[in-house]
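Counting convention: from 1, in listed order, for ligands and their atoms alike.
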Amino acid sequence: MSKAPLVTVNPRYILRAAIEHAARIVLAGGVVAYPTETMYGLGANALNRRAVSRVFEIKGRSPDKPLIVLVRNRRQLKALVREIPPPARALMGRFWPDGLTLVMEASAEVPGEVLGGGSTIALRISGNRVVRSLLDVIRVPLTAPSANLEGRPPPLTAGEVQKQLGDRVDLILDGGRAPLVIPSTILDVRQEPATLLREGRVPTDEIRRVVDVGHISAGKPCGLVTILMVCTGNTCRSAMAGGLLKKMLSAKGISQIRVLSAGTHAVEKDPASLWAKKVAFTEEGVDISKHRARRLTSDLLGKSDLVLTMTLSQTRHIERMGRQFAQKIHLLTSFPSTGSKDLGDIEDPMGQSRRVYERVFRQIRRELERILPVLVKTPESWLP
Ligand code: AMP
Ligand code: MG
């Protein structure tokens, strides 16, 4: 089969014709891949049984695993649920349109296929302008599973969607690169306290300010995202960067992003270098005294959602470990841009003076401060 057409839609200046083309496909029962505020999604008319079944077929997804559905407004939502429980109203007011999926009792309107055999529906209004424009035109709810084959990594770019599903979907709307795969938080709001089904973009602590949240039903929180910082020895740059990023995330109350570090040529269990420890501590109170170096492995790369390197040669090294990792590797100084990879290496301070370590630490801090908002939010900044 031939590859699906890939249509570029700049989220800042939505291309009407592209949206209308996608809308016609959806309304005719087709399946379109599109960007959301979290990752790329697979869209079919959620009220069309056959179209929904195709989404399951395309993904190779088990029919008992329900799909999240996107709606354009609360009026549309109302038709899909038996009732909107009062805590749900409060949560929508506070968090929508971004990153929070609510589970409610489904109405008879919703085809059973969407619900995976259950009685509940998971709904969200998306913050992404591309899919919102699409929803405004189609005026039917849209399915929103990640646009990947089950078990494969969720796609952050239209190119990745095309690689995995290009010969199975009817159209791919290219809205630029997603910042990072932090899926939406999923909360069952049928009764109070609400039940957290998946940790995600909206932190549980923030939700707790609005409604009482009970235990995480699944036991282990899922939806965690891993960022891997890479340098050569994992005793200086990536050790400092990892420690600092952890601290910055925890200061923002972000618990969904896990930070690891590794070195392309690390000696297992080496401690951080003396100056790395001293400088990280005096500059920013970052304690990396317990850090132990870890050698970069394919396994570690496979488990990571985003890999940030200090130099271009490290990037090349990782690319040689497997082409499948190429999409998630970025030079720290170039992230999130995918094209220009020549923005510069972060120099290796190994064996040099304290002043060099300070300079390197400050450069890393500047870069991390720059990318933090991109990691955490801002769908509009996905543009390549
Ligand atoms: P995915 O489609 O793989 O991106 O993930 C969607 C997630 O939403 C899965 O973990 C589903 O189990 C979950 N989900 C979808 N619909 C429901 C529902 N009605 N009740 C509970 N969880 C749901
Ligand atoms: Mg998925």
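- With a 4.0 Å heavy-atom cut-off, ligand 1 is reached by no atom of Thr101.
- Under the 4.0 Å criterion applied to side-chain N and carboxylate O atoms, Arg237 and Asp348 are assigned as salt-bridge partners.
- Contact check on Glu284 versus Arg365 returns a salt bridge, with a Lys/Arg side-chain nitrogen under 4.0 Å from an Asp/Glu carboxylate oxygen.
- A salt bridge does not link Arg168 with Glu57: none of the charged nitrogens is closer than 4.0 Å to a carboxylate oxygen.
- In summary, Glu369 and Arg366 do not engage in a salt bridge, as defined by a charged side-chain N under 4.0 Å from a carboxylate O.
- Any N or O atom pair closer than 3.5 Å counts here, and Thr120 shares at least one such pair with ligand 1.
- Residue Ile121 touches ligand 1 through its backbone alone, judged by heavy-atom distances below 4.0 Å.
- Distances below 4.0 Å separate heavy atoms of Ile186 from the following atoms of ligand 1: 7 (C), 8 (O), 13 (C).
- For the residue pair Arg177 and Thr157, no side-chain donor N or O sits within less than 3.5 Å of a side-chain acceptor on the partner.
- Close approach to Val103 involves these atoms of ligand 1, each under 4.0 Å from a residue heavy atom: 20 (N), 21 (C).
- Screening Leu300, Val230, Leu296 for a side chain to side chain contact (heavy atoms under 4.5 Å, CB included) with Val307, the sole residue that qualifies is Val230.
- When the heavy-atom distances from atom 5 (O) of ligand 1 to Arg198, Lys65, Arg124 are ranked, the shortest goes to Arg198.
- The closest approach between Leu115 and ligand 1 stays at or above 4.0 Å for every heavy atom of the residue.
- From Tyr357, atom OH reaches atom CD of Glu347 across 10.5 Å, with rounding to the nearest 0.5 Å.
- Each of the atoms 2 (O) of ligand 1 lies under 4.0 Å from some heavy atom of Pro145.
- Of all atoms in ligand 1, numbered sequentially from 1 with element shown, those under 4.0 Å from a heavy atom of Ser146 are 2 (O), 3 (O), 4 (O).
- Counting only non-hydrogen atoms, the option in Met104, Met39, Lys59, Arg61 that gets closest to atom 2 (O) of ligand 1 is Arg61.
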